[in-house]
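Only this structure's heavy atoms are used, side chains among them; waters, hydrogens and symmetry mates stay out. Given the structure is predicted, the values throughout are model-derived calculations rather than measurements.
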Amino acid sequence: QVQVVESGGGLVQAGGSLRLSCAASGSILSINLMGWYRQAPGKLRELVATITSGGSTVYADSVEGRFTISRDNAKNTVYLQMNSLKPEDTAVYYCHAFTPPYYWGQGTQVTVSS
């Protein structure tokens with residue numbers, strides 16, 4: 001069994017920054033892919049960013065250039081540095097770890113005020 005725990009959410013003004021962290025623990029041999037999705041009220045869950053164990057990244061167009069995903073393979077931890085935050089970034093952010101299968105965290109709330 002694998003546990004995924006996010007931290008670092010909160011309330012920030014538009015233009016501000018937040019850093020999310022996510023740690024995976026448990027029966028892990030290796031994690032192929034880690035990343036972040038988000039879900040705003042009334043909307044579907046959407047991809048924010050992912051990173052492979054080799055460091056290849058994918059970003060949603062809406063966050064490209066503002067968010068940076070990074071990873072510490074030794075700690076099974078992934079980070080999301082979010083800069084120039086906008087009110088439309090407000091959502092619950094979910095971390096996932098793909099070993100396979102996919103494991104998900106409980107989510108952390110990010111609220112950006114205008």
Side-chain angles (χ1 to χ4, degrees):
Q1 190 68 16
V2 175
Q3 295 79 42
V4 177
V5 179
E6 305 101 335
S7 61
L11 173 64
V12 64
Q13 289 188 330
S17 298
L18 281 175
R19 187 186 194 218
L20 304 182
S21 299
C22 169
S25 62
S27 303
I28 302 172
L29 292 180
S30 66
I31 301 177
N32 294 328
L33 187 72
M34 297 188 78
W36 298 89
Y37 279 68
R38 68 186 181 186
Q39 187 166 18
K43 295 188 177 181
L44 297 175
R45 190 175 296 191
E46 63 176 2
L47 170 73
V48 177
T50 61
I51 185 168
T52 68
S53 57
S56 297
T57 58
V58 172
Y59 292 95
D61 289 343
S62 59
V63 308
E64 183 84 52
R66 300 187 297 122
F67 291 9
T68 302
I69 189 169
S70 60
R71 177 172 172 171
D72 185 334
N73 289 330
K75 296 181 179 179
N76 290 324
T77 299
V78 65
Y79 307 95
L80 186 68
Q81 178 65 44
M82 304 186 293
N83 299 328
S84 301
L85 282 161
K86 304 176 181 180
E88 51 263 43
D89 294 317
T90 295
V92 178
Y93 284 69
Y94 296 92
C95 175
H96 70 82
F98 178 70
T99 55
Y102 277 99
Y103 294 95
W104 292 88
Q106 294 298 307
T108 186
Q109 177 70 46
V110 172
T111 303
V112 184
S113 62
S114 57

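The minimum heavy-atom distance between Gly9 and Val110, with the atom names listed, is CA-CG2, 4.2 Å. The two residues Ala24 and Ile31 come nearest to each other via the heavy atoms CB-CD1, 3.7 Å. Here the closest non-hydrogen pair linking Val112 and Lys86 is CB-O, 3.3 Å. The heavy-atom pair separating Arg71 from Ile51 by the smallest distance is NH1-O, 3.1 Å. Across all their heavy atoms, Gln3 and Gly26 have their closest contact at OE1-CA, 3.9 Å. For the residue pair Asn83 and Ser17, the shortest heavy atom distance occurs at OD1-OG, 2.9 Å.
Using modelled atom types and a 3.5 Å distance limit, the side chains of Ser53 and Asn32 yield no donor-acceptor pair.
Hydrophobic clustering (side-chain heavy atoms under 4.5 Å, transitive across Ile, Leu, Val, Met, Phe, Trp, Tyr) groups Tyr94 together with Tyr102. A continuous path of hydrophobic side-chain contacts links Phe98 to Leu47 [ILVMFWY only; heavy atoms under 4.5 Å]. Hydrophobic clustering of Ile, Leu, Val, Met, Phe, Trp and Tyr side chains at less than 4.5 Å, counting indirect connections, unites Val12 with Tyr93.
Residues in residues 30-81 take part in these ring pair (Phe, Tyr, Trp, His ring centres under 6.0 Å) pairs, two or more places apart or across chains: Tyr37-His96, Tyr37-Trp104. For residues 48-67, every residue pair satisfying the salt bridge (Lys or Arg N to Asp or Glu O under 4.0 Å) rule, not counting sequence neighbours, is listed here: Arg66-Asp89. Sorted by first and then second residue, the salt bridge (Lys or Arg N to Asp or Glu O under 4.0 Å) pairs involving residues 24-36 (not counting sequence neighbours) form an empty list. For residues 15-108, the disulfide (SG to SG under 2.5 Å) pairs, not counting sequence neighbours, are Cys22-Cys95. Screening residues 39-51 for salt bridge (Lys or Arg N to Asp or Glu O under 4.0 Å) gives Arg38-Glu46 as the qualifying pairs, with residues at least two apart or on separate chains.
To the nearest 0.5 Å, the span separating CE on Met34 from CG on Asn73 amounts to 9.0 Å. With rounding to the nearest 0.5 angstrom, the CG atom of Leu18 is 8.5 Å from the CG atom of Leu11.
The backbone N or O of Val5 lies less than 3.5 Å from no partner atom in the side chain of Gln106, so there is not a single donor-acceptor pair.
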So Leu20 and Met82, side chain to side chain contact (heavy atoms under 4.5 Å, CB included) or not? Walk me through it. CA-CA 8 Å; Leu20 304 182; Met82 304 186 293; 3.7 Å; yes
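Considering only residues two or more places apart in sequence or on other chains, Glu88 meets the salt bridge (Lys or Arg N to Asp or Glu O under 4.0 Å) condition with none of them.
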